[in-house]
Amino acid sequence: MEIPQDLYALLEKTSASASGLVYTEPSQQKVVQDKTDYLISYITALEDKDTSNKKQKTNPFENPDPSLVVSRDVVYSLILNKFPIIKNHFLLITNKFVKQDSLLTPQDLVVTHDILKQLGKDLKGQKNIRPLAFFNCGPASGASQAHKHVQFIFVDEQQHGLWPQDVVDRSRQIIYVPDVDNPPLTDSSKKFAHFVLPLTRERGEEDTEIPMDTFAMIYMGLIQNCLTVMRDHHLANDEENHTRSMLSYNLLMTENWIMAVPRSRDTVSNEELGCTLSINSLGYVGMILVKSKEAFEKIVSGKIDLEEKVLLESGFKKDYEKQTDEGDY
Ligand code: AMP
């Protein structure tokens with residue numbers, strides 16, 4: 001896809017004139033600092049938003065509202081999220097229907113990275129704002145639409161840092177394709193399974209494109225690790241029909257790193273929380289939406305261990321006791 005120059009300005013312009021946009025400002029927002037920076041948002045209008053999301057009986061990406069379209073070519077369109085909570089939240093969608101739970105193609109990966117690179121250039125003067133791409137894939141991933149879409153938001157890193165960047169910085173590694181001897185990186189302090197890989201190039205090569213086949217191998221390496229976690233989990237729990245269960249995962253990407261998180265469920269509810277939380281990719285970089293005022297107060301007062309009670313519950317435990325190496329995907 002030919003990425004528009006000044007994409008950020010184009011997003012702002014389209015947002016300003018989009019008649020179809022239904023923006024909801026969080027009523028309250030607070031950063032909770034733990035091992036992860038959490039940005040907890042309380043949204044009163046969320047139930048309405050949920051309803052309008054579910055009410056759409058037709059595929060909203062088949063003929064997107066023209067006022068939301070930012071750019072379109074033969075294969076893809078960039079459209080604004082109709083129900084954003086973060087300004088300029090937009091989506092890369094395929095023009096023709098492709099299932100959301102199919103694999104990303106090498107072209108999808110390269111286009112996503114090109115968009116992040118272009119936005120990085122556009123935002124050069126505003127160093128604290130970082131574009132983040134994410135892909136919710138599979139029934140337990142938090143996805144609500146069946147038509148393939150990669151989403152993009154802007155994160156204010158002064159307010160809320162993205163921890164996978166620290167993992168990459170600490171490793172001092174540049175881009176590599178993972179294998180048995182060089183597995184993906186992880187944050188040793190996190191209890192949930194996750195796999196991070198750097199996308200940074202050698203100095204002087206930063207502007208060169210990451211070759212499509214390298215991108216494809218990096219992505220497949222992440223998927224293989226997610227499948228192995230699921231397989232080990234099911235074996236450890238004696239789940240006989242595990243071969244039939246579908247892979248669910250979240251994929252998150254910035255210009256400098258890519259991360260996959262295997263998922264076990266899309267919502268969590270337990271007595272301590274007193275409500276149900278829907279968790280998608282953004283939950284794993286600490287961005288959590290809460291519909292209940294009581295739950296919001298409880299969470300921001302630090303009474304709930306979010307890693308244990310939310311992220312671990314909707315993901316998988318890291319370092320499952322391996323049954324055998326031979327069956328690794
Ligand atoms: P997900 O729930 O991860 O599948 O993401 C779907 C995204 O599409 C959400 O951010 C929705 O708010 C957004 N969305 C839903 N309906 C529309 C629509 N008609 N036009 C544009 N975006 C939409």
Side-chain angles (χ1 to χ4, degrees), residues 10-12 14-26 39 41 43-72 76-104 108 112 115 131-155 246-253 259-268 276-285 287-291 314-315:
L10 189 58
L11 284 169
E12 297 234 85
T14 316
S15 289
S17 63
S19 54
L21 210 59
V22 187
Y23 174 64
T24 307
E25 188 155 12
L39 179 68
S41 305
I43 312 249
T44 38
L46 200 62
E47 277 171 39
D48 294 340
K49 184 191 154 227
D50 271 352
T51 318
S52 42
N53 239 332
K54 278 177 204 144
K55 258 188 197 159
Q56 306 173 93
K57 292 219 171 70
T58 52
N59 170 6
F61 305 146
E62 194 182 350
N63 289 303
D65 175 339
S67 80
L68 300 175
V69 177
V70 179
S71 174
R72 185 179 169 91
Y76 299 104
S77 295
L78 299 180
I79 66 163
L80 294 173
N81 175 4
K82 184 174 174 65
F83 306 106
I85 287 152
I86 300 168
K87 289 211 166 103
N88 297 324
H89 180 167
F90 70 101
L91 295 88
L92 169 74
I93 59 172
T94 50
N95 293 339
K96 282 203 189 126
F97 179 79
V98 180
K99 277 162 90 180
Q100 178 70 0
D101 48 26
S102 52
L103 290 172
L104 288 171
D108 296 338
T112 299
I115 290 171
L132 170 73
F134 61 100
F135 180 62
N136 303 322
C137 187
S141 69
S144 66
Q145 300 298 333
H147 182 135
K148 199 186 235 185
H149 57 286
V150 176
Q151 307 186 56
F152 296 80
I153 56 155
F154 296 89
V155 177
M246 267 182 78
L247 174 67
S248 291
Y249 65 97
N250 295 135
L251 194 78
L252 297 98
M253 194 197 293
M259 172 168 80
V261 180
R263 296 291 306 277
S264 57
R265 51 178 68 87
D266 60 345
T267 57
V268 279
T276 301
L277 296 181
S278 300
I279 303 294
N280 70 12
S281 300
L282 297 181
Y284 285 86
V285 284
M287 299 173 77
I288 294 178
L289 289 182
V290 187
K291 299 183 218 170
S314 53

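The chain is numbered in sequence order, starting from 1. Remember, it's a predicted structure, so these values are computed and weren't measured experimentally. All ligand and atom numbering here is 1-based and tracks the order in the structure.
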Within the 4.0 Å heavy-atom shell around [X], which atoms of ligand 1 are there?
| X | answer |
| --- | --- |
| Ala143 | 1 (P), 2 (O), 3 (O), 4 (O) |
| Asn136 | 3 (O) |
| Phe61 | 8 (O), 21 (C), 22 (N), 23 (C) |
| Ser144 | 1 (P), 2 (O), 4 (O), 6 (C) |
| Gln151 | 1 (P), 3 (O), 5 (O), 7 (C), 10 (O) |

Check: Leu103 main-chain N/O paired with Lys148 side-chain donor or acceptor under 3.5 Å: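 Flag set: sc Lys148 to bb Leu103 pair under 3.5 Å.
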Non-hydrogen atom of Asp65 closer than 4.0 Å to ligand 1: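 Heavy atoms of Asp65 never come under 4.0 Å of ligand 1.
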Contact check, Asn81 vs ligand 1, heavy-atom distance below 4.0 Å: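 It does; at least one heavy atom falls under 4.0 Å.
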Ser264: side-chain contact (heavy atoms from CB on, under 4.5 Å) partners, not counting sequence neighbours: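 For Ser264, the residues satisfying side-chain contact (heavy atoms from CB on, under 4.5 Å) (neighbours in sequence not counted) are Phe316.
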Aromatic ring pairing Phe134/His89, orientation class (parallel under 30°, perpendicular over 60°, tilted between):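 Judged by the thresholds at 30° and 60°, the geometry between Phe134 and His89 is tilted.
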May I ask you to identify, for [X], whether its side chain, its backbone, both or neither come under 4.0 Å of ligand 1 on a heavy-atom basis?
| X | result |
| --- | --- |
| Gln100 | neither |
| Leu80 | backbone |
| Leu91 | side chain |

Verdict with supporting geometry, Asn250 and Ser141, side chain to side chain donor-acceptor pair (under 3.5 Å): CA-CA 6 Å; Asn250 295 135; Ser141 69; 4.7 Å; no
Check: His149 ring centroid to Phe61 ring centroid under 6.0 Å: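 Between His149 and Phe61, the centre distance is under 6.0 Å.
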Glu12 atom CD, neighbour heavy-atom count above 12 within 6.0 Å: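 Yes, because the 6.0 Å sphere around CD of Glu12 holds more than 12 heavy atoms from other groups.
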Test item: side-chain donor near acceptor, Tyr249 and Ser281, under 3.5 Å: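 Not at all, the side chains of Tyr249 and Ser281 share no donor-acceptor pair under 3.5 Å.
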Under 3.5 Å: N/O of Asn280 near N/O of ligand 1: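 So ligand 1 has no N or O lying under 3.5 Å from an N or O of Asn280.
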Partners passing ring-ring contact (aromatic ring centres under 6.0 Å, His included) against Phe135 (at least two apart in sequence or in another chain):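 None.
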